[in-house]
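A note on names: the letters A, B, ... follow the listed sequences, proteins ahead of strands, and every chain is numbered from 1.
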There are 2 protein chains.
Amino acid sequence: MPKNCNFIEKLREVGLRPTKQRIKMCEVLYNREKTFHFTINDLVKMISEKMNEKISLATVYNTVHAFEKKGYLKEISIDSHKSYFDTNTSAHHHFFDEDTHELIDCDESDIDKINIRKNITGKKINSVEVLVRVASDNQTQK
Amino acid sequence: MPKNCNFIEKLREVGLRPTKQRIKMCEVLYNREKTFHFTINDLVKMISEKMNEKISLATVYNTVHAFEKKGYLKEISIDSHKSYFDTNTSAHHHFFDEDTHELIDCDESDIDKINIRKNITGKKINSVEVLVRVASDNQTQK
DNA sequence: TCAATAGTTTAGAATTATTATAATGTAGAT
DNA sequence: ATCTACATTATAATAATTCTAAACTATTGA
Ligand SMILES: [Mn+2]
Ligand SMILES: [Mn+2]
Ligand SMILES: [Zn+2]
Ligand SMILES: [Zn+2]
């Protein structure tokens, strides 16, 4: 359970000034056992709850994108109407619960390594990710 | 190369009135050799070119969503900032060219069937789709 | 045939998510 | 303590999508 200081250094290392907003955001994002998925709105709420002061929506957007660029966060495209972010920045697969709109990570062991036989000339593969959409069993009755 | 009449019947069958806008949209979407991917803006342009009259943007949105609901079209989530649609409504995998923002279908033979070992209690799997992001070979030089 | 009706299109307004602007504030250096 | 570059903020602007309500049209059946 690291506290502020770690984040101050982490931010410095990649050339971001450790402002109190960014430190608070780091705490909310990384001071936890497991990685998680969130939307910008989720995050604004979380930060506001942890701070007594309000944080500007623009700052959250800016900082999320700064973190994304630095590799602290990853954007996940699941739903064209909503942006999800992930504190798990490694390549990994997802389940998406279409009832609750919740994202769930897959472990390595859940899906075999995927072998791509096609290749596109002049292009290299940047990532291969699987999305498994799930929904309540009884709702799609025929 | 089917013409209008087919579409009129097709639309009637699923309970949509065969208006001239919908018939024109069917022609643009389905009167071709191969399936394809498009954005709403692409489609508006294509339809406007094929018609002498303009078509309302709202009509294109409404009709695309009506078609989607009927299973004539499928929405593809690749980029949270843009909605792509696909006239190939079967379950299939994609390559996404990050340089050109172009979507390319995978054939069955390009990727082996994916075996999911995890299961989420009370939930059934609706789809399993792979997205392979590719980009120019020389651009991601280290 | 031809109104009646239900469904459709349309222009434009409204909404939502995101990004830009420009003034103010702050961290780090000297 | 002062300076400067970078950050935050409130607010405005933009972009994508959806809503609204009036005008239009396909279908039905008298
Ligand atoms: Mn983004
Ligand atoms: Mn949609
Ligand atoms: Zn994840
Ligand atoms: Zn496709």
J.: Does the protein touch nucleotides 23-30 of chain D at the base, only the backbone, or not at all? Give it as B, S and - per nucleotide, heavy atoms under 4.0 Å.
T.: --BBS---
J.: Taking 4.0 Å as the cut-off, does a side-chain nitrogen or oxygen of B:H65 come that near to OP1 or OP2 on D:dT17?
T.: no
J.: State whether A:E129 and A:K74 are salt-bridged, where the test is any N-O pair (Lys NZ or Arg NE/NH1/NH2 against Asp/Glu carboxylate O) under 4.0 Å.
T.: yes
J.: Check the orientation of B:F96 and B:H101. Use parallel for under 30°, tilted for 30 to 60°, and perpendicular for over 60°.
T.: tilted
J.: Kindly assign one of parallel, tilted or perpendicular to the pair A:Y30 and A:Y72, based on the angle between their ring planes and the thresholds 30° and 60°.
T.: perpendicular
J.: Are B:Q21 and C:dT10 close enough that a side-chain N or O sits under 4.0 Å from OP1 or OP2?
T.: yes
J.: Using atom CG of A:N62 as one end and atom P of D:dT11 as the other, report the distance to the nearest whole Å.
T.: 17 Å
J.: If you measure from the Lys or Arg side-chain nitrogens to the Asp or Glu carboxylate oxygens, is any gap between B:D137 and A:K123 under 4.0 Å?
T.: no
J.: Show your reasoning for whether side chain to side chain contact (heavy atoms under 4.5 Å, CB included) applies to B:V132 and A:I120.
T.: CA-CA 11 Å; B:V132 181; A:I120 308 215; over 6 Å; no
J.: Are any of A:S83's side-chain N or O atoms less than 4.0 Å away from OP1 or OP2 of C:dA17?
T.: no
J.: Looking at B:Y61, I'd like to know whether one of its side-chain N or O atoms comes within less than 4.0 Å of OP1 or OP2 on D:dT18.
T.: no
J.: Could you check which of D:dC19, C:dT9, C:dT18 has an atom nearest any side-chain atom of B:T59?
T.: C:dT9
J.: Report the residue (B:L57 or A:M51) whose heavy-atom-nearest nucleotide on DNA chain D is the more 5′ of the two.
T.: A:M51
J.: What residues form a salt bridge (Lys or Arg N to Asp or Glu O under 4.0 Å) with A:D79, not counting sequence neighbours?
T.: none
J.: Quick one: label A:K54 by what it contacts on the DNA or RNA (base, sugar-phosphate, nothing), any heavy atom closer than 4.0 Å.
T.: sugar-phosphate
